[in-house]
Novice: 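Please find one structure pasted underneath; my questions will follow.
Reckoned from all heavy atoms, side chains included, excluding hydrogens, waters and symmetry mates. Predicted model, so just to flag it, every value in this text is computed and none were measured.
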Amino acid sequence: MSEHVDVPEDHPRYESLLTRHRIEAGVDRGITSRQGLIAQGRGEAFDYLLGERTTESADEAERVAAAHLLLADHAVLSVNGNVAALAPEETVTLAEATGADIEVNLFNRTAERMQAIVDHLREHGATEVKGLAADARIPGLSHERGKVDADGIHDADVVLVPLEDGDRAEALAAMGKTELVVDLNPGSRSARTATVPIVDNIVRALPNMTAHARELADIDEATLREVVEDFDAERALDDAEREIRSGSFE
Ligand code: PTJ
């Protein structure tokens, strides 16, 4: 088990250390896979290079993603073991603010981990969590990795896929879905496949998307469509790469 460690609030890496402890606790509770620790390390490296903040460009992408969720016929927030450990409450709050469904969708799927994540999300306020039915498939993906709910991700027109692996992001895009990807690596296949790549930490991206969704909630549909259509994914990725190259590091 991970030992309890008090992180001093004045530590320069305070947020980052707290995030690490949440992932560790996720592994201990059977929510996060051990590979999730490696994914977290990779994400941290990019976050460090980005200055551990939401850039102006990422903020714009989060606003556009919020507009997509509000415009969707059926939006689904996909949750894996890392997202469940890092931001369960923030996921539930975004779902409530946008009317989206929540579905657990794992790369390393086991029945135990699926159930542990569903229970964890319920403990954090989710009323309905999809993913256990697994009565449909993402075409082109091997058995366990391709399992989804027929009335969830399979049916959705807009899917938020945070920290996704490249294969699945590509397979979902091939199904014609509008894909909103949160990934700190602007060079990853998932980010490059996305309709809206959000190069930001999931712990900052979700609350910021909720804030944007609340602000956009009363805006007319034509204006929301303008927000979505004005977005340039290629430019967002270029902006992130530029931020990484020009960063000043502590
Ligand atoms: O819980 P499972 O079984 O579905 O497995 C989830 C992981 C994350 C292990 C699986 O999807 C995986 O192996 O993903 P990858 O291929 O390592 O990709 C994860 C991506 O997320 C990488 O590009 C990381 O830079 C990025 N990332 C990691 N932590 C964060 C992040 N992006 C945003 N916020 C983070 N906190």
Side-chain angles (χ1 to χ4, degrees), residues 1-59 61-62 65 77-94 102 104 106-108 113 116-117 119-126 160-165 181-188 190-191 197-212 239-250:
M1 297 290 272
S2 68
E3 59 196 300
H4 174 77
V5 183
D6 282 322
V7 182
E9 280 186 43
D10 59 352
H11 192 289
R13 307 245 86 76
Y14 177 70
E15 290 297 334
S16 162
L17 292 175
L18 265 193
T19 304
R20 274 190 194 181
H21 287 304
R22 270 189 236 157
I23 285 283
E24 261 190 293
V27 174
D28 289 344
R29 294 184 57 180
I31 288 172
T32 309
S33 71
R34 282 185 297 169
Q35 284 188 22
L37 294 170
I38 299 166
Q40 168 68 19
R42 185 141 46 129
E44 268 186 25
F46 281 103
D47 206 12
Y48 181 77
L49 295 171
L50 282 161
E52 293 171 346
R53 75 206 151 90
T54 300
T55 64
E56 208 176 299
S57 175
D59 179 57
E62 282 153 12
L77 314 183
S78 179
V79 175
N80 65 16
N82 284 52
V83 176
L86 291 177
E89 207 170 307
E90 292 81 353
T91 301
V92 174
T93 309
L94 178 62
I102 297 176
V104 181
L106 300 183
F107 181 80
N108 302 296
R113 211 148 69 78
I117 295 174
D119 293 345
H120 184 65
L121 290 168
R122 289 208 177 111
E123 279 163 28
H124 285 85
L160 176 76
V161 281
L163 286 66
E164 188 55 272
D165 98 289
V181 169
V182 181
D183 192 324
L184 279 157
N185 176 5
S188 78
S190 312
I198 300 164
V199 185
D200 198 4
N201 198 314
I202 188 71
V203 300
R204 296 189 299 268
L206 289 175
N208 202 31
M209 285 171 68
T210 299
H212 281 302
D239 287 346
E241 285 179 10
R242 203 171 319 108
E243 293 278 358
I244 286 171
R245 276 198 299 272
S246 68
S248 56
F249 313 120
E250 284 173 11

Novice: Does the side chain of Leu50 come within less than 4.5 Å of Asn201's, by heavy atoms?
Specialist: no

Novice: Ala116 and Gly30: which non-hydrogen atoms are nearest, and at how many Å?
Specialist: CB-O, 3.8 Å

Novice: Might you point out which heavy atoms bring Leu106 and Asn80 nearest each other, and give the distance in Å?
Specialist: CD2-CA, 3.6 Å

Novice: Measuring only between side-chain heavy atoms, which start at C-beta, is Ser190 closer than 4.5 Å to Val161?
Specialist: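 No, their side chains stay 4.5 Å or more apart.
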
Novice: Mind listing the closest non-hydrogen atom pair of Phe46 and Leu184 along with its distance?
Specialist: CB-O, 3.3 Å

Novice: Rounded to the nearest 0.5 Å, what's the gap from CG on Leu206 to OG1 on Thr93? Could you check?
Specialist: 9.0 Å

Novice: Compare all side-chain heavy atoms of Leu18 with those of Val203 and state whether any distance is below 4.5 angstrom.
Specialist: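 No, every pair of side-chain atoms sits at 4.5 Å or beyond.
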
Novice: Do side-chain atoms of Arg22 reach the backbone of Leu86 as a donor and acceptor pair under 3.5 angstrom?
Specialist: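 Flag set: sc Arg22 to bb Leu86 pair under 3.5 Å.
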
Novice: Can you tell me which residue among Arg204, Glu62, Glu90 is in a side chain to side chain contact (heavy atoms under 4.5 Å, CB included) with Met209?
Specialist: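 The single option meeting the side chain to side chain contact (heavy atoms under 4.5 Å, CB included) with Met209 is Glu62.
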
Novice: Between Ile102 and Ala126, which heavy-atom pair has the shortest distance, and what is it?
Specialist: CD1-CB, 4.4 Å

Novice: State the CG-CD1 distance between Asp47 and Ile202, to the nearest 0.5 angstrom.
Specialist: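 Atom-to-atom, Asp47:CG and Ile202:CD1 are 12.0 Å apart.
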
Novice: Given Glu164 and Asp183, is the side chain to side chain contact (heavy atoms under 4.5 Å, CB included) satisfied, shown in steps?
Specialist: CA-CA 8 Å; Glu164 188 55 272; Asp183 192 324; over 6 Å; no

Novice: Step by step, would you call Leu94 with Leu77 a side chain to side chain contact (heavy atoms under 4.5 Å, CB included)?
Specialist: CA-CA 9 Å; Leu94 178 62; Leu77 314 183; 4.1 Å; yes

Novice: For residues His124 and Val92, report the shortest heavy-atom separation together with the two atoms involved.
Specialist: O-CG2, 3.7 Å

Novice: Does a side-chain heavy-atom distance below 4.5 Å link Thr19 with Gln40?
Specialist: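 They are in side-chain contact.
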
Novice: Would the distance check show the side chain of Arg113 and the main-chain N or O of Asn108 forming a donor-acceptor pair, the cut-off being under 3.5 Å?
Specialist: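 Confirmed, Arg113 side chain pairs with Asn108 backbone.
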
Novice: In Å, rounded to the nearest 0.5 Å, how long is the span from NE2 of His120 to CZ of Arg122?
Specialist: 13.5 Å

Novice: Hey, could you give me the CZ/CG distance between Arg34 and Leu37, rounded to the nearest 0.5 Å?
Specialist: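 So the gap between those two atoms works out to 9.0 Å.
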
Novice: Work out which heavy atom in Gly36 is nearest to a heavy atom in Asn82; give both atom names and the distance.
Specialist: O-ND2, 3.0 Å

Novice: Are Glu56 and Glu243 close enough, and set up right, to give a side chain to side chain contact (heavy atoms under 4.5 Å, CB included), and what steps lead you there?
Specialist: CA-CA 10 Å; Glu56 208 176 299; Glu243 293 278 358; 5.8 Å; no

Novice: Consider side chain to side chain contact (heavy atoms under 4.5 Å, CB included). Of Val83, Ile31, Val104, which one does Leu121 pass it with?
Specialist: Val104

